[in-house]
Number of protein chains: 2
Amino acid sequence: MTTASDRAYDTIRAMILSGELSAGDALGEEALAERCGVSRTPIRDALRRLESDLLIRRTGTQRSFVSDWSLGDVGDAFELRAMLEGYAARRAAEAMTEDVMAQLRACNAAIGAAIAGQKPDVRTFLDRNREFHALVLDAAGSRRLTNLLTALIEQPVVWRTAHHYSHEAFQRSHSEHNDLLSAFERRDGVWAETVMMGHIRRAFHAYSDAHKGMTERERGVA
Amino acid sequence: MTTASDRAYDTIRAMILSGELSAGDALGEEALAERCGVSRTPIRDALRRLESDLLIRRTGTQRSFVSDWSLGDVGDAFELRAMLEGYAARRAAEAMTEDVMAQLRACNAAIGAAIAGQKPDVRTFLDRNREFHALVLDAAGSRRLTNLLTALIEQPVVWRTAHHYSHEAFQRSHSEHNDLLSAFERRDGVWAETVMMGHIRRAFHAYSDAHKGMTERERGVA
DNA sequence: CTTTGGCAAATTGTATACAATAAAGCCGGT
DNA sequence: ACCGGCTTTATTGTATACAATTTGCCAAAG
């Protein structure tokens with residue numbers, strides 16, 4: 001079932017990520033309730049969730065604002081992801097089963113197919129990439145780790161970066177996943193951790209470059 | 001101001017940690033509302049927070065239960081703490097100021113005083129220890145890191161372990177804090193990280209030993 | 001004896017009304 | 001013109017009522 005609270009969460013989230021609401025904007029519960037077509041109760045629920053995502057910030061008196069994500073903040077998030085997903089990869093390697101391996105191989109094969117042609121299927125790439133990382137996380141078998149990481153991974157601000165990837169960048173990502181598979185096959189936790197950390201850091205640099213380009217373009221327009 | 005929602009959160013949390021509610025128990029919103037003397041609205045708020053602490057678990061249909069913390073789960077939490085607080089220590093070392101150093105020294109001096117006599121002041125030790133770690137975390141200067149760690153650190157299940165510490169264990173903890181101060185003075189991030197990770201891991205082993213003793217005692221009674 | 005169907009009770013989701021609190025505007029004094 | 005305190009307004013916190021959904025139970029059929 002899809003509750004009103006979920007819809008409100010998705011709606012507000014989309015408004016923030018699309019730029020319809022920009023950093024620093026005040027988020028009144030009543031105003032949001034009207035825009036989402038629900039009452040304040042599910043809105044309050046949604047705000048709590050968005051707060052734990054750090055997408056909104058609350059003052060001492062519980063007023064909500066869209067939080068501003070500096071490049072440094074995004075860097076932080078990536079650094080933490082690198083550390084935690086690296087750890088997840090290590091644990092996954094140590095606990096890997098043939099069943100999960102098969103799923104991972106299938107998943108990365110799908111990624112390979114999606115980016116084979118001249119015009120890569122970015123949508124499929126993103127979905128499968130997300131699935132790949134979710135499988136690794138799941139294989140690590142730590143609810144708490146999963147809990148911490150989902151908040152960090154679900155940052156569509158970042159996902160959109162992939163739309164600016166070059167052909168080489170897609171191939172590189174695909175190939176790094178293969179390295180990961182090798183490490184898993186050999187139950188080599190340390191190798192898996194190293195590869196994963198590099199994989200995430202590379203993604204950050206890709207984001208960083210794309211972001212720099214975008215802000216420069218924006219500055220040119222303004 | 002202390003809101004009803006906060007009181008409800010504290011009350012339910014205390015009920016779980018004290019063992020008044022045991023693992024697997026169902027948490028009906030109405031029943032909790034009555035026990036806390038508030039309505040269901042702030043209870044729902046509190047349950048959301050407890051869920052993100054992983055102190056309670058929710059089924060697909062949103063029913064709440066006290067989650068069971070196996071030794072493995074606690075180990076997970078400590079391992080993540082070691083990694084994240086190690087990272088925090090590294091960053092803190094790199095960004096350390098004389099002002100924060102002074103606060104840290106004062107804090108650890110207070111810890112030293114609290115455990116100097118034959119009968120250590122456990123309460124003061126815990127408060128000051130918490131403050132010490134909070135200062136380090138703050139000095140690391142990453143909101144997101146703080147966000148991730150607070151959920152991991154605020155686990156009174158674990159804090160109570162200190163009541164079973166030996167004289168040596170207290171001294172050891174105090175001395176490790178001093179090592180940390182040395183690393184901070186020298187801006188040696190790697191050293192700080194190593195010391196912090198060891199510090200947390202040691203705490204886990206202390207917990208683990210104490211826990212083992214406790215369950216064995218329980219088994220003897222039953 | 002097990003299973004399945006549906007009914008009844010309990011539980012959660014949502015809306016709305018009201019109370020408490022903080023922000024903003026206003027006015028008079030300096 | 002500027003500042004301090006007061007009043008007004010806007011916003012959030014809480015309680016309660018009702019709707020939607022789930023769970024448990026019991027009876028009847030296989």
Side-chain angles (χ1 to χ4, degrees), chain A residues 1-16 20-68 143 147 150-151 154, chain B residues 1-16 20-68 143 147 150-151 154:
Chain A
M1 182 190 66
T2 162
T3 68
S5 170
D6 292 333
R7 282 196 307 275
Y9 174 79
D10 291 338
T11 305
I12 300 171
R13 185 193 183 94
M15 288 197 290
I16 293 175
E20 186 176 347
L21 294 170
S22 41
D25 283 3
L27 296 171
E29 294 179 356
E30 200 150 7
L32 290 173
E34 199 165 345
R35 289 183 81 163
C36 297
V38 297
S39 87
R40 273 179 53 213
T41 311
I43 293 288
R44 303 180 99 256
D45 233 58
L47 287 179
R48 285 279 148 72
R49 281 195 262 172
L50 290 164
E51 186 192 3
S52 82
D53 292 346
L54 290 190
L55 254 63
I56 73 174
R57 160 180 61 86
R58 311 193 81 170
T59 70
T61 61
Q62 303 301 86
R63 277 170 168 70
S64 307
F65 299 87
V66 179
S67 56
D68 50 341
R143 278 184 312 177
N147 214 46
T150 41
E154 291 295 322
Chain B
M1 181 192 67
T2 162
T3 67
S5 171
D6 292 333
R7 282 196 307 275
Y9 175 79
D10 291 338
T11 305
I12 300 170
R13 185 193 183 96
M15 287 197 290
I16 294 175
E20 186 175 347
L21 293 169
S22 42
D25 282 3
L27 296 170
E29 293 178 358
E30 199 150 7
L32 291 173
E34 198 164 345
R35 290 184 78 164
C36 297
V38 296
S39 86
R40 274 179 53 214
T41 310
I43 293 289
R44 303 183 97 253
D45 231 59
L47 287 179
R48 282 276 144 73
R49 282 194 262 171
L50 290 164
E51 186 192 4
S52 82
D53 293 345
L54 289 190
L55 253 64
I56 72 173
R57 161 180 60 87
R58 310 192 82 169
T59 68
T61 60
Q62 303 302 86
R63 275 167 170 72
S64 307
F65 299 88
V66 179
S67 54
D68 50 341
R143 279 184 311 178
N147 214 47
T150 41
E154 291 295 322

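Chain letters run A, B, ... following the sequence lines, proteins first, then strands; residues in each count from 1. Reckoned from all heavy atoms, side chains included, excluding hydrogens, waters and symmetry mates.
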Give a yes or no on this: more than 12 heavy atoms of other residues, nucleotides or ligands lie within 6.0 Å of atom CD of A:Gln62. yes
Residue-phosphate contact under 4.0 Å: A:Thr41 side-chain N/O, C:dT14 OP1/OP2: no
Atom CZ of B:Arg7 and atom P of C:dA20: how far apart are they, to the nearest Å? 13 Å
Do B:Asp6 and B:Arg49 meet the salt-bridge criterion of a basic N to acidic O distance under 4.0 Å? yes
What are the atom names and distances for every N/O pair under 3.5 Å that joins the protein to nucleotides 6-12 of chain D?
unit_1: D:dT11; atom_1: O4'; unit_2: A:Arg63; atom_2: NH2; d: 3.2
unit_1: D:dT12; atom_1: OP2; unit_2: A:Glu29; atom_2: N; d: 3.1

Just the rounded figure in Å: distance from P of C:dT12 to CG of B:Leu47. 8 Å
Please list, chain by chain and in numerical order, all residues satisfying salt bridge (Lys or Arg N to Asp or Glu O under 4.0 Å) with A:Arg58, sequence neighbours excluded. A:Glu51
Please tell me which of A:Thr59 and A:Pro42 maps to the more 5' nucleotide of DNA chain C, matching each residue to the nucleotide holding its nearest heavy atom. A:Pro42
Donor-acceptor side-chain pairing of B:Thr3 and B:Ser5 below 3.5 angstrom: no
Among all residues two or more places apart in sequence or in another chain, which pass the salt bridge (Lys or Arg N to Asp or Glu O under 4.0 Å) test with A:Arg143? B:Asp73
Indicate whether any N or O donor in one side chain lies under 3.5 Å from an N or O acceptor in the other, for B:Ser52 and A:Arg48. no
